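Notes follow once the structure below has been shown.
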Amino acid sequence: MATRVATSSNQLNKLGVGKLSELPKDGKYGDFGGQYVPEILIPALKQLEAAYESIKTDFEFQRELKVLREEYGGRPTPLYFAKRLTEYAGSAQIYLKREDLVHGGAHKFNNVIGQALLAKRMGKQRIIAETGAGQHGVATAMVGAMLGIPVEVYMGSTDIERQKMNVYRMKLLGAQVHPVIAGSATLKDAINEALRDWATNVQTTYYLIGSVVGPHPYPMIVRDFQRVIGDEIMGQTLRRDRKLPDLLVACVGGGSNALGTFYPFVNESSVHFLGAEAAGAASLGKGSVGVLHGAKTQVLQDEWGQISETHSISAGLDYAAVGPEHSLYKKLGRGEYISVNDEEAFEGFRMLSQLEGIIPALESAHAVYAGVQRARKMRKDQLIVITLSGRGDKDLETALRYEQARGTV
Amino acid sequence: MATRVATSSNQLNKLGVGKLSELPKDGKYGDFGGQYVPEILIPALKQLEAAYESIKTDFEFQRELKVLREEYGGRPTPLYFAKRLTEYAGSAQIYLKREDLVHGGAHKFNNVIGQALLAKRMGKQRIIAETGAGQHGVATAMVGAMLGIPVEVYMGSTDIERQKMNVYRMKLLGAQVHPVIAGSATLKDAINEALRDWATNVQTTYYLIGSVVGPHPYPMIVRDFQRVIGDEIMGQTLRRDRKLPDLLVACVGGGSNALGTFYPFVNESSVHFLGAEAAGAASLGKGSVGVLHGAKTQVLQDEWGQISETHSISAGLDYAAVGPEHSLYKKLGRGEYISVNDEEAFEGFRMLSQLEGIIPALESAHAVYAGVQRARKMRKDQLIVITLSGRGDKDLETALRYEQARGTV
Amino acid sequence: MNRLAEQFEQLRTKNEGALVAYLMAGDPDPLRSLEYAMAMEAGGADVIELGLPFSDPIADGPTIQAAGVRAFQSKITMKSFVQIITEFRALSKTPLVVMSYYNPIWKMGEETFLKQIVEAGADGVAIPDLPVEESTNWLNQCRKYHTSRIFFVTPETDDGRAKKIAEQSTGFLYLVPRYGTTGARDELASHTASLIQRVRPLMPAGLPLAVGFGLSNKEQVQTVITAGADAAIVGSALVDKIAQGVSPETLMLFVRELKDGTRRSASAAV
Amino acid sequence: MNRLAEQFEQLRTKNEGALVAYLMAGDPDPLRSLEYAMAMEAGGADVIELGLPFSDPIADGPTIQAAGVRAFQSKITMKSFVQIITEFRALSKTPLVVMSYYNPIWKMGEETFLKQIVEAGADGVAIPDLPVEESTNWLNQCRKYHTSRIFFVTPETDDGRAKKIAEQSTGFLYLVPRYGTTGARDELASHTASLIQRVRPLMPAGLPLAVGFGLSNKEQVQTVITAGADAAIVGSALVDKIAQGVSPETLMLFVRELKDGTRRSASAAV
Ligand SMILES: Cc1ncc(COP(=O)(O)O)c(C=O)c1O
Ligand SMILES: Cc1ncc(COP(=O)(O)O)c(C=O)c1O
């Protein structure tokens, strides 16, 4: 495993950066990132970047963020030693970072609360968001309700059909949900539509992106708001075991929970990163470099550059691209990314439910499976932290249908 | 309001107790409580009481409980200042105690983790539980999975039909769910059946009751495990405002989240207690003294002592009796209890969703409604804490059906 | 001396055990439950145990639960319950014991309840969910109305407690030889005999010991009586017949057969 | 001097604005889209803008999105796209500009892509999601292949940036007078004239200014030209007709009408 972190400083120097932690540089993560958007949005992105830079050192903003994260969001989340899962895997010690306990049921909140406060600070009157499974939409609707900012959410009509309860949740929270019938009528198309709305209403509207994707500065902003996961892990493992974890594991859809987990450790070469992608949407594993939704990154596409349709049992991983910073980690070997298929993810889902009494989100179940597999190859004195990005309540119907189809329930 | 806490020491002296906080005495709360169970269970109750007394001062047990509460359960839960709800109510400051953020989504966990550790300590090989909406069953199944103790849950077949997802959750967590077809096939009947199972398997089995009901020592044990809610509130309000709350509000089904909230403040006469019962199951508001499930307490019954069927939109409040300690609080005027009907509860549900981005459990929505109504009659410098016993995800289908029936969605 | 004591006294002289036959008042309706009670008496039951239906019968298995549901469907009231006792008493001198959960008694008032049923002709009351600890007032009422107060002892009850319970009991002591709820079972808990032997010395002299829960046929009745019990209580097996809608005559024949099991001389011949 | 520059030069001498007519390659199939392109040319379009369909057209409204879907249904490939250009060029000297999102270009390789379409006969490329900042290599390639590189300016673009963009542009500068995506609108943003006036001084002398997004009829074309634009781009309004399945002749008549709007002398007469 030690060979995995092969990021030689040579490679980094060639990229013209001293340390990975200092990226992005000029909106780029090495070759990745950038701002591939219609001209109308460029000024808005620059304005966003400036506003974001100003709040980074704004005491009052940071205090408000911290208070809301703690008192509204329930942070810090625990680091839980999964005793029975560890026994089951039979080797390295497995800890779970419990983002499933965050308000709304997933790490999505960490980012949404930060950006929504930023939107308020920027004087925007309206927040738009895209959503696939509905998790980011629900998180945005929650925070919008709490701050009193109207929220409109774009969601593919196929997803609306699949995720009725999340649609109702958003409505209950006072958000408007706009069905998107174009394309495959899923997440990718919802993003397209949100971008169009933003282009139309750029002066009054804040576009709140849900993962470390999209044009610069979004991947940076979302990463920075999600790094609280990794920051907490660092404090928790140090306090508990007086050492850093040997391996961090997280699922990768757009990549925000993974990057939030990994990023604070990026300069710690003893800490290995393992990202678990859905096999049917493995942009890092099976994609190639492309441009989607404003960023150059690994993309699932055909030979002509048309974006592929993806499939995953977990709607949150069902996305054809990935955050540009992951593309760089992968290219440099700083992060390892593996594919977990539906069946394996479901095994992770059941495993955690039955051994630990924690029903993970199907997204997170990918990480659980990958972490347990890897644990077997490690030593007993090694320490794994798996980020449990969300809880599985939202997935029960999907899981039940899956089991019914396989006749296991 | 100040007249509400009319518990004269005379009245208490007549009960032969110095302070309410010292109850139960001989298994009784004044006239209430006791052990009205078949003879076969009496020795088991005594054994349970002895075991419970021994762990109360057992350092190792208490430490394990604390660690699991924090690292597995996500405690302490935040006390959140509900700014927009406060503005909406327009007077007293409203805080929410966020039990909705606890693992599993409700305060039920606080009790289950304590009792399950006790069961383990007692060497029981099997845990049984009853459940109405499924929340207590799910919490028990979770903790059973985590500790590796088999769990079997009794649930009325009507409830199984209404709460399919919770049934699946329990199964996923490895628990067996036994349908109960007797009687109204709901919670009351599930308790009957669990008691029967316990009578049959009393030597090997721990019966894990989900609220402050049942024969002594259950009401005491559950209260003691739930008092962490009130203990935390006390610390949080003191630290934040340097004073105690003026009013505590909680919903009352069996009464465990309410008692957990109230009990630590019982000797503080400036702190008023407001319990919100479901109008269709208001044992305190509309019941009379009776004996059900092992305790003498306020019960909804007909003139011949047959137990009434109850109705509430919130399955967790849909119970014909209430914890005996509440019956005493009510009798002494120490606690005030009001009825909130389905429509009002639904208003609380929408209100909190839209103003604060928090979808409460329908049970908790009763407390929200009651708290907001009461806030209006209080002064701006007064402080209310409403215990949010759980989150509303489990209730979305019910709420959607309710709205569909009323044509509001 | 009341009817119950007299009955046990007579049986003792005949070297017979008592057959206590249970049925649910109002199952399938008040009138027919009276007919069934009379059929039991005619079949040779020495004591009739008449159940008052309760909405939440935690000590009962499915058979008796179902009987309660049927009784409720027949719209039985407290008034008709008392009337059944009155009618029975008008026709028979056989002792009658009421089996009721505590809440209906509490709700009506212990004294009011007791007064009514005693005046109607009941001889004792067994309350499955009222342990001795909760019985202070109840015991006083029973004394006042000269009514037998029947308590339960189980395999879980230790000696000290069994002694205390037995001391509070009159009429007979109800020994439950097995775990769980009422309901007919084919096997009889093997430890019943040793349980009887353990409990007997703890009991006041002259207090009869009745064994119930789970007896379903003549052989089991016989086993229990042979093991030293003074009475065998049969409930669910009889309620099962009633549920099947058998005629009172058929029920009578079944009771007769069960009664055969209580004859010590006869038992030796089997 | 390439075809685009020549065309604008000629129009200037005629005191006419240019009509740039957009259509999606492959809509409804490659052959018919070629027929429509020829009809546009015959109707008087001065520049043909040929869209390459893309799966995720974020800058386009529903009309052009739908055209892309139809094109994919006709199974258009990169090869047939290039072939349309080749065929068009064989039949006509009218300048042709390709409109494509960046990913298909990136995927193929900027140079490979450019080489192919230029050899087929294209005169320029507009890439809605490639701002100047990301265009370093692309600009070099365009220079190498003498192809016009068409960038966009919007009401949000400030002067400094507009200047920079204009300086990188050749062929024409694409001015988007309103917020949002492509799509025919009935009203024309009132500020279009002042926007033209703001941008014009920032542009290198001789670079034509084309206004697009939302023009749907002759009057709007006329307004834009009168306001000082060198060209009016009509897209969705034409795609709408194609979606309705009109004949190439009908389309030709519509283009002819639009073209009327570009004649400055004529406009004065209205
Ligand atoms: C629970 C959960 N985990 C993971 C993801 C994937 O997103 P990301 O890779 O940005 O963390 C999602 C997205 O919806 C999610 O809901
Ligand atoms: C969320 C929630 N709140 C409240 C209750 C009522 O229980 P108690 O009154 O014991 O707190 C329940 C019971 O299921 C519940 O699930």
Side-chain angles (χ1 to χ4, degrees), chain B residues 26-28 31 33-47 180-184 187-205 214-216 287-297 299-309 320-321, chain C residues 52-62 64-66 68-69 71-72 76-81 100-109 113 126-135 151-158 160-162 164-165 173-183 213:
Chain B
D26 302 330
K28 291 265 163 61
D31 300 335
Q35 294 184 323
Y36 296 83
V37 292
E39 176 59 30
I40 186 103
L41 295 178
I42 295 282
L45 292 172
K46 295 200 187 301
Q47 185 202 9
V180 176
I181 53 167
S184 51
L187 176 58
K188 178 169 82 61
D189 313 284
I191 299 182
N192 296 341
E193 206 56 44
L195 282 166
R196 290 176 189 122
D197 178 318
W198 199 32
T200 310
N201 304 293
V202 65
Q203 292 174 311
T204 56
T205 297
H216 177 73
S288 54
V289 181
V291 170
L292 183 63
H293 296 141
K296 189 175 282 176
T297 189
V299 173
L300 287 164
Q301 52 186 332
D302 69 13
E303 55 174 328
W304 301 120
Q306 305 295 342
I307 307 306
S308 309
E309 293 196 4
Chain C
L52 174 70
F54 181 54
S55 51
D56 294 81
I58 55 174
D60 288 303
I64 294 183
Q65 286 178 57
V69 171
F72 281 125
I76 186 164
T77 60
M78 188 58 79
K79 208 172 132 205
S80 49
F81 177 73
S100 170
Y101 286 86
Y102 183 56
N103 199 49
I105 299 176
W106 158 265
K107 180 68 183 167
M108 194 170 206
F113 178 86
I127 309 177
D129 59 347
L130 190 76
V132 283
E133 286 83 354
E134 310 289 357
S135 304
F151 288 100
F152 298 77
V153 160
T154 78
E156 287 284 297
T157 317
D158 65 26
R161 183 171 173 79
K164 186 169 121 194
I165 292 171
L173 182 67
Y174 197 134
L175 184 69
V176 180
R178 63 146 220 253
Y179 293 85
T181 53
T182 58
F213 274 44

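Hydrogens, waters and symmetry mates are skipped; everything else that's a heavy atom, side chains included, is used. Being a predicted model, the structure only gives us computed values, none of them experimental. Every chain is numbered from 1, with letters handed out A, B, ... down the list of sequences.
- The CH2 atom of B/Trp304 sits 5.0 Å away from the CE atom of C/Met108 when rounded to the nearest 0.5 Å.
- For chain C, the option among B/His293, B/Glu309, B/Lys28, B/Lys296 with the highest count of heavy-atom pairs below 4.5 Å is B/Lys296.
- For the pair C/Trp106 (side chain) and B/Val289 (backbone), a donor-acceptor distance under 3.5 Å is present.
- Within the 3.5 Å criterion, the main-chain N or O of B/Gln35 finds a donor-acceptor partner in the side chain of C/Glu134.
- Residue B/Tyr36 holds its OH atom at 10.5 Å from CD1 of C/Ile127, rounded to the nearest 0.5 Å.
- Looking at every heavy atom in both residues, C/Asn103 comes nearest to B/Val291 through OD1-N, 2.6 Å.
- Only the side chain of B/Ser288 comes within contact range of chain C, with heavy atoms under 4.5 Å apart.
- Heavy-atom distances place the side chain of B/Ile42, and not its backbone, under 4.5 Å from chain C.
- Distance check: C/Ile58 CD1 to B/Glu193 CD gives 11.5 Å after rounding to the nearest 0.5 Å.
- For the set B/Leu195, B/Ile307, B/Ile181, B/Asp189, the count of heavy-atom pairs under 4.5 angstrom toward chain C peaks at B/Ile307.
- For B/Asp197, no part sits under 4.5 Å from any heavy atom of chain C, backbone or side chain.
- Side-chain contact, B/Glu39 with C/Tyr174: no donor N or O sits under 3.5 Å from an acceptor N or O.
- In this structure, chain C has a heavy atom under 4.5 Å from the side chain of B/Pro43, while its backbone stays farther away.
- Chosen from C/Phe152, C/Phe72, C/Phe54, C/Phe113, the residue pairing most often with chain B at heavy-atom distances under 4.5 Å is C/Phe54.
- The main-chain N or O of C/Gly180 is never found under 3.5 Å from a side-chain atom of B/Arg196 such that the two would form a donor-acceptor pair.
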